[in-house]
Amino acid sequence: MFQELSEQEILRREKLEELRKLGIDPYPAAEFKVNVTAEDIKENYERDKLNYKDISIAGRIMSVRDMGKAAFALIQDSTERIQIYVRRDDICAGEDKTLYDVVWKKLIDLGDIIGVEGYVFTTKTGEISIHVTSFKLLSKSLKPLPVVKTDAEGNAFDEVSDPEFRYRQRYVDLIINPKVKKTFEQRSKIISSIRDFLNNNGALEVDTPVLQTIPGGAAARPFLTHHNALDIPLYLRIANELYLKRLIVGGFDWVYEFSRNFRNEGMDRTHNPEFTVLEFYVAYRDYFWMMNTTEKLLEKIALDLHGTAEIPVGDKLINFTPPFKRVTIYDAIKEHTGIDVSNMDETQLREVCKKLHLEIDNSMGKAKLIDTIFGEKCESNYIQPTFITDYPVEMSPLTKKHRDKQGLVERFELMINGKEIANAYSELNDPIDQRERFEEQVRLMERGDDEAMFIDYDFLRALEYGMPPTSGIGFGIDRLCMLLTNQPSIQDVLLFPQMRPEVQTVTSEELEK
RNA sequence: GAUUCCGUAGCUCAGCUGGUAGAGCAAUACACUUUUAAUGUAUGGGUCCUGGGUUCGAGUCCCAGCGGGAUCACCA
C-alpha cells in the first residue's frame, strides 16, 4: 500500500500547506448547517421561488468550468448534482480578491467537499443553479477522482467500468457512477418493503446466533473458527432455520430474520461467501398458504419499487401479478424431457441421466439424480415466477411428508428468470420422523456426500416438546435484488463483495517464522 | 479447480509482422464575468502488473507468478 505519490497527489498536499498559510483549515471541525438538498432545489424551485433565496448546501465538487472572473461548477450531495455559479466580485466584495483568485482558482480541486451559501436562479441556458455568495472548504481531497463526463442526454464518457476498481474502491464507484448508488438505494427499499409487509402482518423480527456449534439448517461447507474462552470450535452459520423453528416451539406464531449466512464455497456471478437470506416461519400454516403469501409479498415489493408489477430483467419482462404458475417437479421433468420419472427407482433414474447425457457419480442418491435432471433440463425454462412443488423426500430432510403423495414432501421452490429465488416447506414437526431423516443424512455422509446434514440433538429435543404445524420459507435476498434491480452479478448488489486481498497481509503466525 | 480473455499516465483507451512510449479527459501556467462533455494556447506526468527467458534490441514473442472478468465445474 506504500506507493509513491503521483504528481497530482504531491501537488494537492502542497495545496494543503498553502491553505493553512492563508488561515484556512482544510478539515474544519465545526458543523456546516445545510438547509436544502440538490434534489429538493431541482424539483421545487420553479414552483416556489421564494423559498430558495437563502440556501445553504454542501457537496463534492464534480466539475469546474472556469471563465476568468467567474466560474461554474457542479457539486454533488447525497441526492443529486447541481450547478453553482461563483462570481469573483460576489465572494470578494472588497479589494482583496485572494479568496477567488487563489483559494477558489488554485487551491480547490475536483473531489473537494465544500459548503456554499447563496440563492437559486436559472441561467441563460435554463439550468437551475446556485448563485454563490460565500463558500467554505469542508474537506480537502488528496486523491484525484476519476473524471466521468456526462452530456445533456446523460451519456457518460470515460465511465469507470473496470470491475476490479469498482468493487475494491466502492466508495469511488458510488461517487462517480450515480447508477450504482441507485441500485443500493433500491436494495434498501426492497428490504424495507419486505419488513413492512411482515411487520404489518404481525411478524416478529428476531436475532439468532451467527456463531453456532452445529452448522445446521442447510447442506453446505461452513467456515470454522475457534472460541478461546470456551476452547471450542464454532461455525459461522450456513442457515438460521433450526433456530427460528425453536422459536415457533417457544410459542411465537410468526418470526423472521434477515440472516447473513456464510458458506465456504466457490464464488461466481451468483455466489458470495457471505450472503443474505430472509427466512420466516408461521405457525398453523402450510405450504399452500405460503405460496399465496409469497405471491402477495413479491407483488408488493415490485409495486413499492417500480410502481408496476411488470419488471424488465435483461431482455425479458417479468410479471409479478398473482397467481404464479404451480408445477410439480415430476410434471416439470415430464414436460421438458418427455420422461415420467415419478415411479422410478435409483437404477432407472441413472439410466435416464445417461440417456440425457448428464454427468452423475455413485455417491448420488435418488433425490440428487432427480435434482440434477431438473436443474439441467427444466430450471432455466421458468422465466415467469413459477412454484415448483412436491419434491422427493430424500432431498428434503426438514420437510413434512406430503399429505397424500407417497414418497414426496410438501415443499416448493420459487423459480424466476430461470433461477431459484425462494425455498419453502410445510415444516417437519414429527420428532421421530425428523430423527430418522437426520440418521438418513448420516448414512449419505458415510456414502461420500460431504454436504449431508449434521444431527442437531437440541433441535430434536425442541421438537419433542411439540412444534405446531408450521410453514417456513427462505428468500435469497441478494438474488432477489439482482432480479428487481436488473443487475447481472451478485457483486453489483453487494456494497463490498468478497475480493482477494490486494496486498498479501502478513499474519502473526508468519511473522513468528 | 479448469479453460479463456485482460492488466500501458489519476481515469478511458491506442500502440501492426519486436526498433528508446501515444491520444482524450484530469493536472500545471496564461486568457476569458451566464458556461455546461465550456473554449483557446503552452507545459509536466510512465515500475508498460511482477520475475525469468529468447534477441544486438521486448509494452510487443516464450515461461512462471500475481490480480481481475467471462465460461465451466463446485455450491440441493
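Numbers restart at 1 for each chain; the letters A, B, ... are given by sequence-line order, proteins then strands. The analysis underlying the following values was restricted to heavy atoms, covering all of them including side chains, and did not include hydrogens, waters or symmetry mates. Keep in mind that this is a model prediction, so the values were computed, not measured.
- A sub-4.0 Å separation between OP1 or OP2 of B:G67 and a side-chain N or O of A:R500 is present.
- Donor-acceptor pairing under 3.5 Å, judged by distance alone, is absent between the side chain of A:D162 and the base of B:G7.
- Within a 6.0 Å sphere centred on NZ of A:K49, heavy atoms belonging to other residues, nucleotides or ligands number more than 12.
- Checked by distance alone, A:Q83 brings a side-chain donor or acceptor within 3.5 Å of a matching partner on the base of B:U35.
- Comparing B:U54 with B:C63, their P atoms sit 15 Å apart, to the nearest whole Å.
- For A:Q8 and B:G44, the shortest distance from a side-chain N or O to OP1 or OP2 is not below 4.0 Å.
- Here the separation of B:C49 from B:A58, taken at their C1' atoms, is 16 Å to the nearest Å.
- Using a 4.0 Å cut-off, some side-chain N or O of A:K15 falls inside it from OP1 or OP2 of B:U28.
- With 3.5 Å as the limit, one finds no donor-acceptor pair spanning the side chains of A:Y85 and A:H131.
- Spacing between B:A14 and B:C56 at atom P, rounded to whole Å, works out to 32 Å.
- Taking A:K140 as the reference, A:D109, A:D112 meet the salt bridge (Lys or Arg N to Asp or Glu O under 4.0 Å) condition, with sequence neighbours excluded.
- Checked by atom type, the side-chain pair A:R65/A:Q83 shows a donor-acceptor distance below 3.5 Å.
- Remark: A:R411 is positioned above the aromatic ring of A:Y391, its terminal NZ or CZ atom under 6.0 angstrom from the ring centre and at most 45 degrees off the axis.
- Stacking of A:F72 onto the six-membered ring of B:A38 is not present when judged by under 5.5 angstrom between centres and under 30° between planes.
- An OP1 or OP2 oxygen of B:C11 is reached within less than 4.0 angstrom by no side-chain nitrogen or oxygen of A:K149.
- Residues A:T79 and A:E39 bring no donor and acceptor atom of their side chains to less than 3.5 Å of each other.
- At the phosphate of B:A70, neither OP1 nor OP2 sits under 4.0 Å from any side-chain N or O atom of A:R269.
- With both ends at atom C1', the span from B:U12 to B:G57 equals 31 Å, rounded to whole Å.
- If you check the side chains of A:D492 and A:Y167, you find a donor sitting under 3.5 Å from an acceptor.
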How does each nucleotide of nucleotides 45-50 of chain B score, in 5' to 3' order, for protein heavy atoms under 4.0 Å: base (B), sugar-phosphate only (S), or none (-)?
S-----

